[in-house]
Amino acid sequence: MIKGLLIFCVGLLVSCFFFSFGFTFLPPSVNTKIILAGIGAPLLFVQLFRAQRVEISRPLFTATGLAVVFSLVCYIATDVNRTDDFAYATYFMSFTIWLLAGYTVVMAIRQVHGYINFNLLTYYLAAVCLAQCILALWIDSSPAMQSLVDRYIEQGQAFVKEVDRLYGIGAALDNAGVRFSVVLIMLSSLFRRDLFQKRNTLLTALLLMVFFAILILGNIIARTTSIGGLMGLLIIFFTTGLFHHIIRIEFVRFFTVLTILLLVAIVVAMYFYAENELFRGYMRFAFEGFFNYYETGEFRTDSTDKLTTNMWVWPTDTRTWLIGTGLFDGWVFNTDIGYCRFVLYCGLAGFSVFASFFIFNALSFLSRYSHYKLLFLSLLAFSFVIWIKVSTDIFLIYALFYCIEGVQGSLFTSKFTVEHENSLFHTGNV
């Protein structure tokens, strides 16, 4: 009973980290991510005091340097253009806050379970994402629940209501879709041979149900979720031997479970689509492109129409291409496309550093965990794909990875080794 309550509390911490939000009774600058970072800072200080030394791994040191350089370039962009828009000139502060908040989450998980690794983190993130999807449906269908959430939670829901979108607690619009996508990519990486060799059909079926539940329900909140879903499905197909000449028996068992679940899901979806008007509206929004293709022969959505017609805004002079305009906040250029906004803010000089930052993070983990290369290649590809749609990034997941390595010594291990107890950011190779 106590262990279950502790796990629930850790799940709340994970949600506050992954889907941060503010409170109506606190200053607007204070959100759950800041609060978690405030807890993480003294925890880190105590750990360093006990160890009586500070060791930073080479990958984290390099990532820190890139974050500092990017912030510096953005500051130069604001200085040259004489603006006071420091949206990304303070990126190093955001970088640090994510790390400290992630450290709080990682330490909490390890305290409850005795260890933390990629699998355990993925279970927590998947549970949190599924809970957010259910919360969003509950809030949308219950005025009383919506009123309760709006009374205490501040997450910019006024704009979300204006565009008539669903929202959970900290989960809304493209930011939610980006996080759902990251978790779908991580979930798909669990379907590996070692899982199937354990012959745990129940766990396999449960993970598959969670994967498709997040994919479908997440699309109702933000259709960006479909990008991660597609990448996740590709990872599943390529890692389970579907395209091999000889398919192992454990993979045959997996695809049998997958086929049965898909058939059941299709039948249930068809029933509710025909009988429930609210569900029909959800599905038509979530899979608008497919419905348009079926009804008109053209795969299109309102979002893609806006992207192709008036969202691509590029600099018109050489100076802006090089160093940008120093303007980012708001709807200053009438576009939300990441590539455009970054280049217009800090030019190619800043964007190239920012892109290098995410290339380094992905390739750094890939070089140390080559057996999970599809995971990190997918995260790398996703980092660049989402900038076609929105100006956000996924460093929050790398922050958790770095913290796990610092606390546990390795991202993909289930045993805690004492040699890493006294060093937060271990420098050895894993």
Side-chain angles (χ1 to χ4, degrees), residues 17-18 20 33-34 36-79 86-107 116 118 121 182 328 338 342 345-347 349-369 376 379-380 382-384 387 391-411 420 422-430:
F17 171 87
F18 210 58
S20 60
K33 177 180 66 175
I34 300 291
L36 288 174
I39 298 172
L43 285 177
L44 175 59
F45 177 79
V46 170
Q47 179 70 10
L48 295 177
F49 181 78
R50 289 174 55 196
Q52 296 184 351
R53 61 182 178 182
V54 179
E55 294 185 15
I56 301 178
S57 67
R58 288 185 294 272
L60 181 58
F61 182 81
T62 304
T64 303
L66 288 170
V68 171
V69 172
F70 175 62
S71 299
L72 181 60
V73 174
C74 291
Y75 178 78
I76 293 173
T78 60
D79 185 58
F86 301 114
Y88 276 86
T90 57
Y91 187 77
F92 176 70
M93 293 178 59
S94 177
F95 171 89
T96 304
I97 289 170
W98 278 124
L99 282 174
L100 290 174
Y103 182 66
T104 302
V105 170
V106 167
M107 289 297 287
I116 180 172
F118 176 82
L121 175 66
V182 169
F328 187 91
F342 291 137
Y345 178 63
C346 56
F351 176 74
S352 60
V353 177
F354 200 48
S356 299
F357 174 68
F358 288 99
I359 292 173
F360 172 80
N361 285 324
L363 296 185
S364 173
F365 282 100
L366 188 151
S367 66
R368 302 198 297 284
Y369 308 106
F376 296 111
L379 289 177
L380 175 59
F382 182 69
S383 296
F384 287 89
W387 288 338
S391 53
T392 188
D393 66 72
I394 62 169
F395 177 70
L396 75 168
I397 197 63
Y398 290 116
L400 290 172
F401 291 168
Y402 280 122
C403 289
I404 290 176
E405 283 194 332
V407 170
Q408 190 76 3
S410 177
L411 182 59
H420 297 112
N422 296 322
S423 173
L424 175 60
F425 300 118
H426 188 258
T427 58
N429 293 325
V430 291

Would you check if the side chain of [X] reaches a backbone N or O of [Y] as a donor-acceptor pair within less than 3.5 Å?
| X | Y | answer |
| --- | --- | --- |
| T104 | L36 | yes |
| S364 | N361 | no |
| Y369 | L411 | yes |

Ring-ring centroid check F118 F365, cutoff 6.0 Å: no

Is the W387-F351 ring centre distance short of 6.0 angstrom?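 Yes, close enough.
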
Heavy-atom check, side chain of F92 versus side chain of F70, under 4.5 Å: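 No, their side chains stay 4.5 Å or more apart.
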
When you compare the side chain of P59 with that of E405, does any pair of heavy atoms fall below 4.5 Å? no

Do C74 and Y91 pass the side chain to side chain contact (heavy atoms under 4.5 Å, CB included) test, and can you show the C-alpha distance, the side-chain angles, and the key distance before you say yes or no? CA-CA 9 Å; C74 291; Y91 187 77; over 6 Å; no

Side-chain H-bond candidate by donor/acceptor type, T62 with R58, under 3.5 Å: no

Audit row: F357, V353, side chain to side chain contact (heavy atoms under 4.5 Å, CB included) steps and yes/no: CA-CA 6 Å; F357 174 68; V353 177; 5.7 Å; no

Is the count of non-hydrogen atoms from other residues, nucleotides or ligands lying under 6.0 Å from F384 atom CZ greater than 12?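 Enclosed.
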
Assess whether ring-ring contact (aromatic ring centres under 6.0 Å, His included) is satisfied between F17 and W98, documenting all intermediate values. CA-CA 8 Å; F17 171 87; W98 278 124; 5.1 Å; yes

Is the F401 ring parallel, tilted or perpendicular to the F376 ring (thresholds 30°, 60°)? perpendicular

Any idea how F342 and F328 line up, ring-wise: parallel (<30°), tilted (30 to 60°), or perpendicular (>60°)? parallel

Only one of V407, L44, I116, I39 clears side chain to side chain contact (heavy atoms under 4.5 Å, CB included) with M107; which?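 Passing option: V407.
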
Here's a test for you: under side chain to side chain contact (heavy atoms under 4.5 Å, CB included), which of L99, D393, L60, L379 qualifies with Y398?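 Between Y398 and the candidates, side chain to side chain contact (heavy atoms under 4.5 Å, CB included) is satisfied uniquely by L379.
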
Assess the residue pair L396 and F18 against the criterion (side chain to side chain contact (heavy atoms under 4.5 Å, CB included)); give the C-alpha distance rounded to whole Å, side-chain angles, the decisive distance to 0.1 Å, and a yes or no. CA-CA 7 Å; L396 75 168; F18 210 58; 3.6 Å; yes

Could you walk me through whether F358 and F354 pass the ring-ring contact (aromatic ring centres under 6.0 Å, His included) test, one step at a time? CA-CA 7 Å; F358 288 99; F354 200 48; 5.1 Å; yes

Taking every non-hydrogen atom, the tightest pair across S94 and K33: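 Residues S94 and K33, closest heavy atoms: OG-NZ, 4.3 Å.
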
Reported [atom1]-to-[atom2] distance for the pair [X] and [Y], which is rounded to 0.5 angstrom:
| X | Y | atom1 | atom2 | value |
| --- | --- | --- | --- | --- |
| L66 | F95 | CG | CZ | 9.0 Å |
| L363 | L380 | CG | CG | 6.0 Å |
| Q408 | C403 | CD | SG | 12.5 Å |
| C346 | Y88 | SG | OH | 9.5 Å |

Could you walk me through whether Y103 and L400 satisfy the side chain to side chain contact (heavy atoms under 4.5 Å, CB included) test, starting with their C-alpha distance in whole Å, then the side-chain angles of each, then the deciding distance to 0.1 Å, before giving a yes or no? CA-CA 7 Å; Y103 182 66; L400 290 172; over 6 Å; no

